[in-house]
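Just so you know, these numbers use all the heavy atoms, side chains as well, and skip hydrogens, waters and symmetry mates. All ligand and atom numbering here is 1-based and tracks the order in the structure.
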Amino acid sequence: MDQTLESSMRPRNDNRDRGASVSLVNLEKSYGPVVAVAGVSLDIRSGEFLTLLGPSGSGKTTTLMMIAGFESPTSGDIAIDGRSVVAVPPYRRNIGMVFQNYALFPHLTVAENIGFPLKQRGVPKAERTKLVGEALELVRLPGYGERHPRQLSGGQQQRVAVARAIVFKPRLLLLDEPLGALDKQLRENLQIEVRRLHAELGITFVLVTHDQDEALTMSDRIAVMNDGKVAQIGRPEDLYDRPCSHFVAGFIGQSNFMPAVVCGMEEGVVVAKCQGILVRAVASQPPAIGAEVSVTTRPERLRFADTTVETGPSVNRMSVTVVEAAFAGERCRYLLKSDCGASMVLKEASSATIRRRAVGERTEIAWSIADTILV
Ligand code: ADP
Ligand code: MG
């Protein structure tokens with residue numbers, strides 16, 4: 001899917017004021033000696049789709065629970081639309097929440113489940129019926145109101161949970177691994193549904209996931225979390241093309257890493273040496289000469305270059321030996337050993353016109369300096 005095209009097609013500007021803005025300021029949460037959230041500062045924009053992405057235990061759920069008000073911070077502040085909500089109870093924050101396990105009431109019908117938050121808020125019956133009907137339309141389940149949760153599939157139950165979370169028209173929706181219990185095909189369909197819902201409602205969505213593909217395809221911005229902190233925040237393409245650390249480069253997408261020593265700078269580009277072989281890379285900050293670093297690049301940005309004559313200032317080149325060759329449908333995947341001892345993975349689109357490489361073959365690879373990042 002073309003991410004840039006998709007996002008530019010979404011009618012978000014008209015809806016901007018419907019979504020809450022959220023500011024987290026030095027947010028911390030400890031459980032005794034366990035530091036779950038270790039100083040998170042984050043500005044979530046009105047109407048934005050922001051994802052907290054990170055491995056298990058990185059503090060994503062705890063951060064979300066503090067925004068919702070089910071956990072209180074050990075220190076730091078949370079402001080919604082510019083006003084601190086730390087002292088405001090959950091039910092007065094006007095936030096919708098969806099969990100991984102649906103958490104529907106089994107003894108209530110779908111309509112009663114969805115109407116529950118309205119009843120809690122004292123909304124009269126006629127108005128409730130109307131709003132429940134609208135919410136069922138929004139999640140594409142019209143006519144399902146009289147069923148019980150056990151009469152629905154997992155995907156349908158999760159749609160009901162989403163309907164229940166948006167029926168009272170919150171300005172902010174929090175979703176904690178909402179698709180985690182579903183199989184791959186259903187998950188991908190629902191990812192598209194959740195994005196559509198975001199575009200239609202125009203409210204702010206904060207999604208928690210450990211699935212990098214889900215984060216890349218769904219989000220306006222991603223905050224990558226590690227050890228209770230935000231490791232990097234940015235648009236999906238920023239994180240993919242310009243990871244700021246070894247952790248982010250390894251967690252989002254696949255990356256090759258080459259240990260190297262910094263030799264100097266040349267026209268804004270870092271020159272580093274990997275076992276005697278020079279590699280040029282871009283860096284967010286100029287590194288110290290002599291620093292031991294990693295140079296990283298994506299497998300699909302490497303290409304075989306023994307048949308082409310591209311040289312010059314904008315590419316890195318290296319002699320390699322093919323160690324493993326695998327056909328994987330749309331791509332061929334090669335494990336290469338460079339003369340400097342680094343292992344590299346190269347992915348090439350498969351085509352009947354492209355010669356497959358054999359194990360043991362010696363060849364040359366090339367890749368852009370712009371795709372080579374110092375971390
Ligand atoms: P994630 O959602 O990213 O998997 P969590 O926010 O659930 O991570 O947890 C972050 C850390 O805090 C983990 O080490 C977890 O074990 C710990 N933790 C979370 N909730 C509690 C709790 N109620 N009591 C003690 N430790 C907790
Ligand atoms: Mg969690």
Electrostatic pair R301:D241 at N-O distance under 4.0 angstrom: yes

message: Any donor-acceptor pair under 3.5 Å linking the side-chain atoms of T353 with those of S351?
response: yes

field: the Mg ion (ligand 2): protein N, O or S atoms that are less than 2.8 Å away, sorted by chain
entry: T61 OG1

- prompt: Between N256 and T297, do the side chains contain an N or O donor and an N or O acceptor separated by less than 3.5 Å?
  reply: no

query: Do E364 and S319 have a side chain donor and acceptor closer than 3.5 Å?
result: yes

- request: Would you kindly say whether S350 and R331 are connected by a side-chain donor-acceptor distance under 3.5 Å?
  value: no

- prompt: Quick one: do the T109 and R147 side chains pair a donor with an acceptor below 3.5 Å?
  reply: no

- prompt: Salt-bridged, R235 to E237, with N to O below 4.0 Å?
  reply: yes

Distances only, to 0.1 Å: what are the N or O pairs between ligand 1 and the protein that fall under 3.5 Å?
residue, atom, partner, partner atom, Å
ligand 1, 2 (O), T61, N, 2.9
ligand 1, 2 (O), T61, OG1, 2.8
ligand 1, 3 (O), S58, N, 3.1
ligand 1, 3 (O), S58, OG, 3.4
ligand 1, 3 (O), G59, N, 3.0
ligand 1, 3 (O), K60, N, 3.0
ligand 1, 3 (O), K60, NZ, 2.8
ligand 1, 4 (O), G57, N, 2.7
ligand 1, 6 (O), T62, N, 2.9
ligand 1, 6 (O), T62, OG1, 2.5
ligand 1, 8 (O), G59, N, 3.3

- prompt: Any Lys/Arg nitrogen of E127 or R121 sitting under 4.0 Å from an Asp/Glu carboxylate oxygen of the other?
  reply: no

field: Heavy-atom pair of closest approach, residues I80 and A20
entry: CG2-CB, 3.8 Å

